[in-house]
Amino acid sequence: MVLTLLLSLFLAHNTTPVQMTVILETVYMDGEVSEEIREETVTSMKDIWSKYKEWHLINMDDEQIVFQRYVDDLSPLTKAGYFGLTKDGTLSIFEGKPGESSRVIQSFFQIDVKKLESHEQEKLKKGISVRSKRNYKRVIEAYEPFGK
């Protein structure tokens, strides 16, 4: 807070623009965080607050400003993923189709595979595309009763 005040006072009395790094963090509902880094010429704090009014100030010093926003949607990484089962039977989202990709993006709960009908087992083996927030929630809710 003190740094913010000092920087604001400095910029208010200094007519020379200051070069700063602006970091924009987007936090998605699935916990993924994307980061964009920009170099900005700052002439006044009023201009910066106005330009990023939809963002929340997280941190600020004399070299950089960090803003953050929350997005009530899945990250692009998760939307491109596939639901499937890990070797231990945990419902997970993979970066690619299960079997083709071993990289797990997100894990949920173990499933008692014996309780699943064979066609449900096959769907999870092949992978169920995440695509949307709605489909994400629907798949988790559908398999929750089979959790251990």
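Any value given below was found using the heavy atoms of this structure, including those in side chains, with hydrogens, waters and symmetry copies removed.
When atom types are taken as modelled, the side chain of D30 and the backbone of S75 share a donor-acceptor pair closer than 3.5 angstrom. Between the Q121 side chain and the L116 main chain, a donor and an acceptor come within less than 3.5 Å of each other.
In terms of heavy atoms, S92 sits closest to T86 at OG-CG2, 3.3 Å. Smallest separation of non-hydrogen atoms from T26 and R69: OG1-NE, 3.3 Å. Of all heavy-atom pairs between M20 and D61, the closest is CE-O, 3.3 Å. Nearest heavy-atom pair across D88 and Q110 is O-NE2, 2.8 Å. The two residues L77 and E32 make their nearest non-hydrogen contact at CD2-OE1, 3.8 Å. Between I93 and G81, the closest heavy-atom pair is CG2-CA, 4.0 Å.
Separating the CD1 atom in I128 from the CG atom in L91 is a distance of 8.0 Å, to the nearest 0.5 Å. Between the NE2 atom of H56 and the CD1 atom of I58 there is a distance of 7.5 Å, given to the nearest 0.5 Å. To the nearest 0.5 Å, atoms CZ (R131) and OG1 (T78) are separated by 14.5 Å. L85 contributes atom CG, which lies 13.0 Å from atom NZ of K87 (distance to the nearest 0.5 angstrom). F83 contributes atom CZ, which lies 15.0 Å from atom NZ of K97 (distance to the nearest 0.5 angstrom).
A heavy-atom distance below 4.5 Å is not found between the side chains of Q64 and V22. A heavy-atom distance below 4.5 Å is not found between the side chains of Y28 and L74.
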**OP:** Test side-chain contact (heavy atoms from CB on, under 4.5 Å) on F94 and I105 and set out the steps.
**Re:** CA-CA 5 Å; F94 293 83; I105 299 170; over 6 Å; no
Original post:
After noting the C-alpha distance and the side-chain angles of D47 and S50, does the key distance pass the side-chain hydrogen bond (donor to acceptor under 3.5 Å, both in side chains) rule?
Top reply: CA-CA 5 Å; D47 291 344; S50 176; over 6 Å; no
Subject >> Stepwise salt bridge (charged side-chain N to carboxylate O under 4.0 Å, His left out) test for K123 and E120 >> reply: CA-CA 5 Å; K123 280 172 43 178; E120 290 296 329; 3.6 Å; yes
Original post:
K133 and D72: salt bridge (charged side-chain N to carboxylate O under 4.0 Å, His left out), yes or no, with the steps?
Top reply: CA-CA 9 Å; K133 178 179 164 181; D72 187 27; 3.0 Å; yes
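Ring orientation note: the planes of F146 and Y143 are tilted relative to one another, at an angle of 30° to 60°.
Donor-acceptor pairing under 3.5 Å is lacking for the side chains of S132 and N135. A donor-acceptor pair shorter than 3.5 Å cannot be found between the side chains of E25 and S34.
Using a 4.5 Å cut-off between side-chain heavy atoms of Ile, Leu, Val, Met, Phe, Trp and Tyr, with links allowed through other members, I23 and W49 fall into different hydrophobic clusters. With hydrophobic clusters built from ILVMFWY side chains whose heavy atoms lie under 4.5 angstrom apart, L124 shares a cluster with V139.
Remark: aromatic rings of F67 and Y52 are close, center separation under 6.0 Å.
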